[in-house]
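This structure is a prediction, so every number in the text was calculated from the model and none was measured. Start at 1 and go down the list; that is how both ligands and their atoms are numbered.
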Amino acid sequence: MNALSAMPIPIQVISENKRNLLDLDRKGLAEFFVSIGEKPFRAQQIFKWVHQRGITDFALMTDLSKALRERLPSLCEIKAPEIAKEQCSLDGTRKWLLRLDSGNYIETVFIPEKKRGTLCVSSQVGCALNCTFCSTATQGFNRNLTVSEIIGQVWQAVMRLRAIGEDKECTVTNVVMMGMGEPLLNFEPVNIALAIMRDELAYALPRRRVTLSTSGIVPNIDRLSREADVSLAVSLHAPNDLLRNVLVPINKKYPISVLMDACRRFAMDKPGRHITMEYVMLQGVNDKPEHARQLIKILQGVPCKVNLIPFNPFKGASYQRSLKEDIEVFRSIVVKGGFITTVRKTRGEDIDAACGQLVGQIIDRTKRNARFVAKIADTEEIRSESYA
Ligand code: SF4
């Protein structure tokens, strides 16, 4: 070996192609450091600096050697999506609009409660599915989010809440992947982001406090069961295929019986796993006592609880929120059927941050948004004609 070959191999990285270290879980980070001729334990140091202390400037990472601190900026960066706008609801809910590349924006919502703070995280720019009660669906779809754009939402929220610092209790204790997009259609990046959320050197969130919500992408529920250790929520919303085909059209591909089998497998795979069935309450559509009885039937043998969500209207929506008394009748039937059933408290409605209301700003590649806007315009024209 000559003196030249003993020197660390210089890696030429063009500045625009710098590796964003926020894209990597601990294992990926260790591999990165090995690839640049460094020891893998550097991953642990960087992980703590970034995710626990919120430091993104290598110069401040004092337990790295001076030489490494000076070298890293030419190879990599730590970059989360920037907060473009923050809105705070009267009830304390915060919504952040986060700027991505090329004109796309996503939304992330923080919901503080007495003893916990839940962050609702997006997984895609828009959504390719077309659930008919969902505001995100009307925006169309642009692309999947990267790991740094997903975990960057958690990073931004934690750091922002820390910066506001009015209330030390006000922090992220729970994450729900229930924002914009279908997380199981963006499996790999979501899976890595979930691992970072759970990692003890990052956010150290317990399994019960990280929940992925899916509309029912059955093969990837099985994959999630094998590869991640998180809780599951299912956007069920209807107790029979006829109705679910309309409300959640992916049901035509993965009907209720197939979906329920996947949920049973998910629960059996690791005992103590939690499944929540999400059920939006739409007046006169899915909120009748017979629907509650059908729901009990299809849930037999699925260890789960039921969460009833009063519908949050948005401009152009075709549905109304169920009446309080109808929700209560529905709830009591499902409880009698043996399922713990809660009614979700609507939060952040005054800033359009409530469940199903997230829209961001999307360069739509599906033309769905244009069709939706045209439909609203038509309806308004018809209305104004009939008032004339
Ligand atoms: S409910 Fe979820 S899966 Fe369905 S369109 Fe909205 S964001 Fe997509």
Report yes if some heavy atom in the side chain of Tyr279 is under 4.5 Å from a heavy atom in the side chain of Asn286; otherwise report no. yes
Do Phe330 and His291 have ring centroids that are under 6.0 Å from one another? no
Go through ligand 1 atom by atom and flag the ones less than 4.0 Å from a non-hydrogen atom of Ala137.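 With Ala137 as reference, the close atoms of ligand 1 come out as 5 (S).
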Pull out every atom of ligand 1 sitting under 4.0 Å from any heavy atom of Cys134, numbered as shown with elements.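 Listed by number with element, the hits are 1 (S), 5 (S), 6 (Fe), 7 (S).
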Atom 4 (Fe) of ligand 1: nearest protein contact (heavy atom, Å):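 Residue, atom and distance for the closest contact: Cys131 SG, 2.3 Å.
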For Gly181, state whether at least one heavy atom is located under 4.0 Å from any atom of ligand 1. yes
Is a donor from one side chain sitting under 3.5 angstrom from an acceptor on the other, for Ser123 and Asn186?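 No.
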Sidechain N-carboxylate O distance under 4.0 Å for Lys18, Glu77: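 No.
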At less than 2.8 Å, would any N/O/S atom of Cys127, backbone or side chain, sit next to atom 4 (Fe) of ligand 1?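 Of the N, O and S atoms in Cys127, none lies under 2.8 Å from atom 4 (Fe) of ligand 1, which means no.
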Given the ring of Tyr203, does Arg198 sit roughly above its face, with NZ or CZ under 6.0 Å from the centre of the six-membered ring and within 45° of the axis? no
